[in-house]
Amino acid sequence: QVQLVESGGGLVQAGGSLRLSCAASGGTFSSYAMGWFRQAPGKEREFVAAISRSGGSTNYADSVKGRFTISRDSAKNTVYLQMNSLKPEDTAVYHCAARESIFVSSSWNRYDYWGQGTQVTVSS
């Protein structure tokens with residue numbers, strides 16, 4: 001059983017940056033591909049980014065490509081989401097997720113474990 005705890009959310013002006021962290025415990029971190037998803041009020045959960053177990057493969061939603069970077073630190077059992085050039089439409093609750101697979105996935109229903117989420121609000 002893997003526990004995931006996100007942090008780093010907050011209020012930022014458009015054009016600003018935030019770095020989200022997701023600390024994993026209770027499992028073997030290197031066994032899991034990791035993903036970030038977000039959900040805005042009244043909208044469906046949306047894929048943001050994913051990274052393979054080794055960190056050698058990443059995948060991004062078109063809406064964040066070139067602005068967001070996902071990375072992982074196996075020594076700290078933590079996955080990060082660096083978010084630059086933030087826009088008001090990036091406002092959402094951001095969740096990290098883990099799946100026990102060598103493959104990354106952009107489908108939320110392929111992930112086994114979820115964190116509670118961290119709020120990101122971008123003001124215009």
Side-chain angles (χ1 to χ4, degrees):
Q1 189 81 4
V2 176
Q3 291 81 46
L4 303 172
V5 179
E6 302 95 336
S7 61
L11 173 64
V12 64
Q13 288 189 329
S17 298
L18 283 174
R19 188 176 81 155
L20 306 184
S21 300
C22 173
S25 62
T28 303
F29 186 64
S30 59
S31 297
Y32 296 91
M34 303 295 294
W36 285 96
F37 292 79
R38 66 188 182 187
Q39 188 163 19
K43 295 189 176 181
E44 294 186 352
R45 193 174 340 191
E46 176 187 23
F47 168 73
V48 177
I51 188 166
S52 62
R53 298 192 307 191
S54 68
S57 178
T58 57
N59 189 21
Y60 296 92
D62 288 343
S63 59
V64 307
K65 205 169 290 184
R67 300 188 298 124
F68 290 11
T69 303
I70 189 171
S71 62
R72 64 191 296 160
D73 185 336
S74 295
K76 296 182 178 180
N77 287 358
T78 300
V79 62
Y80 302 98
L81 185 68
Q82 178 67 45
M83 306 187 295
N84 299 329
S85 303
L86 282 161
K87 305 175 181 180
E89 51 264 43
D90 295 319
T91 295
V93 176
Y94 284 70
H95 298 268
C96 73
R99 67 185 302 247
E100 197 166 4
S101 172
I102 62 172
F103 300 111
V104 297
S105 176
S106 60
S107 300
W108 67 265
N109 58 2
R110 293 185 179 273
Y111 286 80
D112 305 304
Y113 304 100
W114 291 83
Q116 291 298 308
T118 185
Q119 176 71 47
V120 171
T121 303
V122 184
S123 63
S124 57

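- Here CD of Gln1 is found 10.0 Å from CG of Asp112. Values are rounded to the nearest 0.5 Å.
- Shortest non-hydrogen contact noted between Lys43 and Gln39 is O-NE2, 3.1 Å.
- Taken to the nearest 0.5 Å, the CD atom of Gln3 stands 11.5 Å off from the SG atom of Cys22.
- Hydrophobic cluster membership of Phe29, counting Ile, Leu, Val, Met, Phe, Trp and Tyr whose side-chain heavy atoms lie under 4.5 Å apart directly or via other members: Val2, Leu4, Val12, Leu18, Leu20, Tyr32, Met34, Trp36, Val48, Ile51, Tyr60, Val64, Phe68, Ile70, Val79, Leu81, Met83, Leu86, Tyr94, Tyr113, Val120, Val122.
- More than 12 non-hydrogen atoms from other residues, nucleotides or ligands lie less than 6.0 angstrom from NZ of Lys65.
- In terms of heavy-atom proximity, Gln116 sits nearest to Glu6 at N-OE1, 3.1 Å.
- Residues Leu11 and Gln119 fail the side-chain proximity criterion, which asks for heavy atoms closer than 4.5 Å.
- Side chain of Arg72 to main chain of Ala33: no donor-acceptor pair is present (N/O by atom type, distance under 3.5 Å, no hydrogens or angles).
- A pairwise comparison of heavy atoms in Val93 and His95 identifies CG1-NE2, 3.5 Å as the closest pair.
- Residue Ala92 comes nearest to Arg38 through the heavy atom pair CB-CB, 3.8 Å, listed as atom of the first residue, atom of the second, then distance.
- Counting all heavy atoms, side chain and backbone alike, Glu46 lies closest to Ser63 at OE2-OG, 3.8 Å.
- Summarising the geometry of Pro88 relative to Ala14, their closest heavy-atom pair is CD-CB, 4.1 Å, with the distance given to 0.1 Å.
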Practice item. Could you walk me through whether Ser30 and Arg53 pass side chain to side chain contact (heavy atoms under 4.5 Å, CB included), step by step? Key: CA-CA 6 Å; Ser30 59; Arg53 298 192 307 191; 5.8 Å; no
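- For the atom pair Ser124 OG and Lys87 NZ, the distance stands at 14.0 Å (nearest 0.5 Å).
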Mind listing the side-chain donor-acceptor pairs of residues 98-108 below 3.5 Å, one per line with the distance, residues two or more places apart or on another chain?
unit_1: Arg99; atom_1: NE; unit_2: Arg110; atom_2: O; d: 3.0
unit_1: Arg99; atom_1: NH1; unit_2: Ser101; atom_2: OG; d: 3.4
unit_1: Arg99; atom_1: NH1; unit_2: Phe103; atom_2: O; d: 2.6
unit_1: Ser101; atom_1: OG; unit_2: Phe103; atom_2: N; d: 3.0
unit_1: Ser105; atom_1: OG; unit_2: Ser107; atom_2: N; d: 3.1

